[in-house]
Number of protein chains: 2
Amino acid sequence: MAGMSIGQAAERSGCTVATVRHYEEEGLLKAIGRAPNGRRVYGWPDIHRLRFVRRCRDLGFSIDDVRMLLGATDATSPDCLAVRDMAVAHIDRLRVMRVEIDALEQSLSSLANTCNEACATGRSPVCTIVEDLGATASG
Amino acid sequence: MAGMSIGQAAERSGCTVATVRHYEEEGLLKAIGRAPNGRRVYGWPDIHRLRFVRRCRDLGFSIDDVRMLLGATDATSPDCLAVRDMAVAHIDRLRVMRVEIDALEQSLSSLANTCNEACATGRSPVCTIVEDLGATASG
DNA sequence: GCTTGATCCTCATGTTACCTGAGGATGCAC
DNA sequence: GTGCATCCTCAGGTAACATGAGGATCAAGC
């Protein structure tokens, strides 16, 4: 089953067609074959590599990070420790993000609740959410 | 104390100078005065408006969202309910984000742990993180 | 009065990770 | 053979600013 079109490759890897082309021109894929008609031809190794990239991106790694990871897989002796350090650093970033998100949700929830009490029955002359967000008259 | 420079405005609002200019050209600020020498002059209402925008952005609202919120503050009769709906929708987005972040952290943590066991003592011939991420040999 | 460094101006381009569309060739089904 | 789907290559758009060029202005110190 080698010899997939870009459409099939996209479907099997969970990318869009545009994204697959994008990864190629970012140099994340090894030389992609071409059919006599000029169309790209993908094999299973390409699909796996695409999935790998997609997975990393979903995990929040940048394209540059992925390039590094792929460099590690391509090298004969991957720098495992550097890769692990990258993962650990990324975990730290995620923890910070979660704390921020929790705080935001709290703020927004209380704003929405206040609003519910103040104007859910209709329109209040002044939106409490906007008030609470700190908008002072600026006329 | 009216008559602040863009630098002071930036400092007091928690923005960078570039960001303040950016918000202006996005139409988020009301007409900013100019000194005879052509420099922008800010008053306290401008600072408050900048803080409002900054706060909203930090809360994850897009510039377009903020434009809407400011429209609500500027209008004589703000559409409070629409504003509340926006906040509620945003809370939903935040919840989804948090679930994803939790999952990512789990994945990365287990990856890092596996790596610690496998290659913390040196370099393993194959990095387990890269393996676990799904990279199968690709040519 | 003059130099120096900080701050300001505008305009243009860069960043990230793609998406969208133009304009045209090709493939597949009926 | 006539559509419609899929593919191709550019080119430009998106969000929310950041950065840099090239030049004017200001405030401080000597």
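By convention in this document, chain letters (A, B, ...) are assigned in the order of the sequence lines, proteins followed by strands, and residues within each chain are numbered from 1. Atoms considered below: every heavy atom in the structure, side chains included; atoms not considered: hydrogens, waters and symmetry mates.
Following rounding to the nearest Å, A:Phe61 (CZ) and C:dT16 (C1') show an atom-to-atom distance of 17 Å. The CD atom of B:Glu25 sits 11 Å away from the C1' atom of D:dA16 (whole-angstrom rounding). Rounded to a whole Å, the CD atom of B:Gln8 is 13 Å from the C1' atom of C:dA6. At whole-Å resolution of the value, CD in B:Glu26 and P in D:dA18 are 13 Å apart. If you measure from atom CD of A:Glu24 to atom P of C:dA17, you get 18 Å, rounded to the nearest angstrom. As rounded to whole Å, 16 Å separates atom C1' of C:dC8 from atom CD of B:Glu11. D:dA5 atom C1' lies 15 Å from atom CD1 of A:Ile6, rounded to whole Å.
For C:dC9, one of the phosphate oxygens OP1 or OP2 lies less than 4.0 angstrom from a side-chain nitrogen or oxygen of B:Arg40. Listed pair A:Arg21 / D:dC8 meets the phosphate criterion, a side-chain N or O lying under 4.0 Å from OP1 or OP2.
Taking CZ from B:Arg12 and CE from B:Met4, the interatomic distance works out to 5.5 Å, rounded to the nearest 0.5 Å.
Looking at heavy-atom distances under 4.0 Å, A:Arg34 makes contact with sugar-phosphate atoms alone, never a base.
Minimum heavy-atom separation, A:Leu29 to A:Arg49: CA-NE, 4.0 Å. The heavy-atom pair separating B:Leu28 from B:Val53 by the smallest distance is CD1-CG1, 3.8 Å.
The backbone N or O of B:Ala9 sits less than 3.5 Å from a side-chain atom of B:Ser13, completing a donor-acceptor pair.
Legend: residues meeting salt bridge (Lys or Arg N to Asp or Glu O under 4.0 Å) with A:Arg54, ordered by chain and number and at least two apart, are A:Asp58.
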Quiz item: In B/S/- notation, 5' to 3', how is nucleotides 18-30 of chain C contacted by protein heavy atoms closer than 4.0 Å?
Solution: BSB----BBS---
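A salt bridge (Lys or Arg N to Asp or Glu O under 4.0 Å) check over residues 14-27 of chain B, counting only residues at least two apart or in different chains, returns the pairs B:Glu24-B:Arg40, B:Glu26-B:Arg67.
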